[in-house]
Amino acid sequence: MMIPHDSKTPLLQGKKILIIEDDTVSRIFLSELLQSTHAEVDFVRTAYEAKKYLDTHQAPNAILLDLRLPDMDGFELAAAIHRQHGDVCIIAQTAYVVEGIDEKCRQSGIDAHIYKPIRRDNLLDLLGQYVK
């Protein structure tokens, strides 16, 4: 069922968002949260799957990247993605306090970061700012 769009939600119809997240509950939450944007949303669970996805699909307009993945540090993955797809927007998400996160994000090519638990309005504001 498609959730109706409201004026406070960025309309991202025709945009693709890749979510790199190993936690099932977080994937379901993000899927439901993004439904009202009308964006196409794809999911992968690991850095390996993300690299494979990016090698076989057109680059998404935005990536929501969990910084703690089972097979690679999220900052390392972001840097690799940025080298290959420099213009894709990467928004990091984490449940952990990361010392020096602003600098690490900048160095890795991450455009913005958000802490879990994610507030709907905060994430939608970021997507509205970065996904054109």
Side-chain angles (χ1 to χ4, degrees):
M1 179 177 91
M2 183 66 77
I3 294 176
H5 181 265
D6 65 56
S7 61
K8 294 180 183 179
T9 302
L11 183 58
L12 302 175
Q13 190 166 357
K15 305 295 184 186
K16 185 184 287 189
I17 299 172
L18 175 63
I19 298 175
I20 306 169
E21 172 63 68
D22 62 315
D23 178 67
T24 301
V25 172
S26 293
R27 283 195 312 276
I28 292 168
F29 171 75
L30 290 168
S31 176
E32 290 178 4
L33 189 149
L34 294 172
Q35 209 172 23
S36 65
T37 69
H38 298 244
E40 179 184 336
V41 179
D42 287 330
F43 297 92
V44 295
R45 295 172 190 254
T46 65
Y48 173 80
E49 289 176 7
K51 289 177 180 182
K52 191 172 183 174
Y53 177 97
L54 291 167
D55 285 343
T56 59
H57 293 78
Q58 181 177 350
N61 300 95
I63 294 174
L64 297 179
L65 170 63
D66 184 12
L67 290 177
R68 285 225 168 149
L69 297 170
D71 59 343
M72 181 183 269
D73 175 80
F75 294 110
E76 291 176 41
L77 178 58
I81 292 170
H82 189 67
R83 283 191 298 275
Q84 186 176 2
H85 304 281
D87 57 342
V88 67
C89 167
I90 302 174
I91 299 173
Q93 50 173 330
T94 186
Y96 304 95
V97 174
V98 178
E99 187 174 330
I101 192 169
D102 292 328
E103 181 63 21
K104 288 180 180 181
C105 285
R106 189 186 62 70
Q107 290 175 349
S108 302
I110 296 172
D111 297 288
H113 65 278
I114 190 166
Y115 287 102
K116 296 176 184 177
I118 295 173
R119 291 189 50 229
R120 179 183 188 274
D121 292 344
N122 291 350
L123 180 59
L124 294 179
D125 285 347
L126 282 175
L127 288 170
Q129 287 175 39
Y130 287 101
V131 179
K132 303 297 179 198

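Predicted model, so just to flag it, every value in this text is computed and none were measured.
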Answer whether the closest heavy-atom distance between the side chains of K51 and M72 falls below 4.5 Å.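 SC-SC contact between K51 and M72 confirmed.
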Is there a side-chain contact between Q35 and V41 (heavy atoms, below 4.5 Å)?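 Result no, sub-4.5 Å side-chain heavy-atom pair not found.
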Say whether F75 and I91 are linked into one hydrophobic cluster, either directly or through other cluster members, by side-chain heavy-atom distances under 4.5 angstrom.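 Result: no, two separate clusters.
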Test of understanding: clusters of I, L, V, M, F, W, Y form through side-chain heavy atoms closer than 4.5 Å, transitively. Do V131 and L34 belong to the same one?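 Cluster IDs for V131 and L34 match.
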Judged by atom type as modelled, is there a donor-acceptor pair below 3.5 Å linking the side chain of [X] to the main-chain atoms of [Y]?
X	Y	result
R27	D22	yes
N122	I114	no
T94	Y96	yes
D66	L69	no
D71	A47	yes

Can you give me the closest heavy-atom contact between [X] and [Y], atom names plus distance?
X	Y	result
L77	A50	CD2-CB, 4.2 Å
R45	P70	O-CD, 4.1 Å
N61	K15	OD1-CA, 3.2 Å
V98	Y115	N-OH, 4.3 Å
P60	K16	CB-O, 3.4 Å
P10	L124	CG-O, 3.4 Å

Determine, stepwise, if the pair L126 / D111 fulfils side chain to side chain contact (heavy atoms under 4.5 Å, CB included). CA-CA 10 Å; L126 282 175; D111 297 288; over 6 Å; no
Trace of the side chain to side chain contact (heavy atoms under 4.5 Å, CB included) decision for L127 with I17: CA-CA 10 Å; L127 288 170; I17 299 172; 4.2 Å; yes
Please check if atom NZ in K116 has more than 12 non-hydrogen atoms from other residues, nucleotides or ligands closer than 6.0 Å.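 For K116, atom NZ is crowded (more than 12 foreign heavy atoms under 6.0 Å).
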With a 4.0 Å cut-off, would you call R106 and E103 a salt bridge?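 Looking at R106 and E103, the cut-off is met.
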Please round to the nearest 0.5 Å and tell me the distance separating atom [atom1] of [X] and atom [atom2] of [Y].
X	Y	atom1	atom2	value
R120	D125	CZ	CG	10.0 Å
L54	Q84	CG	CD	6.0 Å
I20	I63	CD1	CD1	5.0 Å
S108	L67	OG	CG	8.5 Å

Parallel under 30°, tilted from 30 to 60°, perpendicular over 60°: which one fits the rings of Y53 and H57?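 Answer is parallel, since the angle falls under 30°.
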How far apart are the C-alpha atoms of F43 and L64, what are their side-chain angles, what is the distance that settles it, and do they pass the side chain to side chain contact (heavy atoms under 4.5 Å, CB included) test? CA-CA 10 Å; F43 297 92; L64 297 179; over 6 Å; no
Worked check of side chain to side chain contact (heavy atoms under 4.5 Å, CB included) between D42 and L18: CA-CA 5 Å; D42 287 330; L18 175 63; 4.1 Å; yes
Out of L65, I19, L123, which residue meets the side chain to side chain contact (heavy atoms under 4.5 Å, CB included) rule with Q93?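 Among L65, I19, L123, the one meeting side chain to side chain contact (heavy atoms under 4.5 Å, CB included) with Q93 is I19.
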